[in-house]
Amino acid sequence: MSFEEIRDLLTDKLGAAVVVREDNTAVQPQLVVARENLIKVCQELYSNEKTYFDYLSCITGLDNGPEKGTVEVIYNLYSIPYNHHFVLKVEIQRGEVKNTEPFELKIPTVTGIWRTADWHEREIYDMFGVVFEGHRDLRRILLPADWEGFPLRKDYQQQEYYHGIKVKY
């Protein structure tokens, strides 16, 4: 199934408003959906017998910086029986938050659809501060629980000391 066929299937089933925009300039075409439509779209892609995206390969976070004002959460989906790939993206507005605070806007967890999302979402929370609403165990996974800030944000300021140990070298 082609990217266009999957997009058309989603818009026919869920309505044209479900798609914010599409990006065909990327190596893999990407469909951008609104945060509030994420679960509906993912559930449709998973449960529809024409697509059956049974494998969530990866979830990636991307901070576009304070200038652009968005953080992206990118879902790489794969259908094992049909051997097709699909990239889904949600953009979150950064707002006026400090480097050490989680983002004010939340995105729903997809762990109820793909269990593999569990640690991916925790990594994105740990590195970017994106809050996945409804996640059963959203806490840091790579850094200590008392680490200050989210290191993959463009505006991250590394702390000078951590428990008396100099961090910067």
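Residues Met1 and Tyr82 are not in side-chain contact: their nearest non-hydrogen atoms beyond the backbone lie 4.5 Å or more apart. The side-chain heavy atoms of Val167 and Trp147, taken from C-beta on, include a pair separated by under 4.5 Å. Side chains of Leu77 and Leu56 form a contact here, defined as non-hydrogen atoms less than 4.5 Å apart. Taking 4.5 Å as the limit, every side-chain heavy atom of Tyr156 sits out of range of all side-chain heavy atoms of Asp63. The shortest side-chain heavy-atom distance between Arg136 and Thr111 does not fall under the 4.5 Å cut-off. Here the side chains of Asn37 and Leu14 are not in contact, with every heavy-atom distance at 4.5 Å or above. Side-chain contact between Val130 and Tyr125 is absent, with no heavy atoms from C-beta onward closer than 4.5 Å. Taking the side chain as every heavy atom from C-beta outward, Lys154 and Asn64 never approach each other to under 4.5 Å.
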side-chain contact (heavy atoms from CB on, under 4.5 Å) evaluation trace for Ile6 with Leu45: CA-CA 8 Å; Ile6 296 169; Leu45 290 171; 3.7 Å; yes
Stepwise side-chain contact (heavy atoms from CB on, under 4.5 Å) check, Asp155 with Arg94: CA-CA 11 Å; Asp155 58 354; Arg94 289 175 112 251; 3.2 Å; yes
Verdict with reasoning, Asn48 to Leu10, per side-chain contact (heavy atoms from CB on, under 4.5 Å): CA-CA 10 Å; Asn48 191 305; Leu10 287 172; over 6 Å; no
Stepwise side-chain contact (heavy atoms from CB on, under 4.5 Å) check, Phe128 with Glu72: CA-CA 10 Å; Phe128 295 95; Glu72 299 173 4; over 6 Å; no
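Residues Phe86 and Phe3 bring their aromatic ring centres within 6.0 Å.
Clustering ILVMFWY residues whenever any of their side-chain heavy atoms sit less than 4.5 angstrom apart, transitively, puts Ile59 in the very cluster that holds Val71. Clustering ILVMFWY residues whenever any of their side-chain heavy atoms sit less than 4.5 angstrom apart, transitively, puts Leu62 in a cluster other than the one holding Leu152. Under the 4.5 Å side-chain heavy-atom criterion for grouping Ile, Leu, Val, Met, Phe, Trp and Tyr, Ile113 is not connected to Val87 through any hydrophobic cluster. At a threshold of 4.5 Å between side-chain heavy atoms, the hydrophobic network of Ile, Leu, Val, Met, Phe, Trp and Tyr places Tyr162 and Leu143 in one connected group. Put simply, Leu9 and Ile39 are part of the same group of oily side chains (I, L, V, M, F, W, Y) that touch within less than 4.5 Å, one to the next.
Taking the six-membered ring for Trp and thresholds of 30 and 60 degrees, Tyr46 and Tyr52 have ring planes inclined between 30 and 60 degrees apart.
When hydrophobic side chains of Ile, Leu, Val, Met, Phe, Trp and Tyr are connected at separations under 4.5 Å, Ile165 ends up as a singleton with no cluster partners.
With His84 as the fixed residue, the ring-ring contact (aromatic ring centres under 6.0 Å, His included) test singles out one of Phe53, Tyr55, Tyr78: Phe53.
Separating the CG atom in Leu38 from the NZ atom in Lys89 is a distance of 14.0 Å, to the nearest 0.5 Å. With rounding to the nearest 0.5 angstrom, the CG atom of Leu138 is 10.5 Å from the CD1 atom of Ile124.
Using modelled atom types, one finds no donor on one side chain facing an acceptor on the other under 3.5 Å when comparing Thr70 with Glu91.
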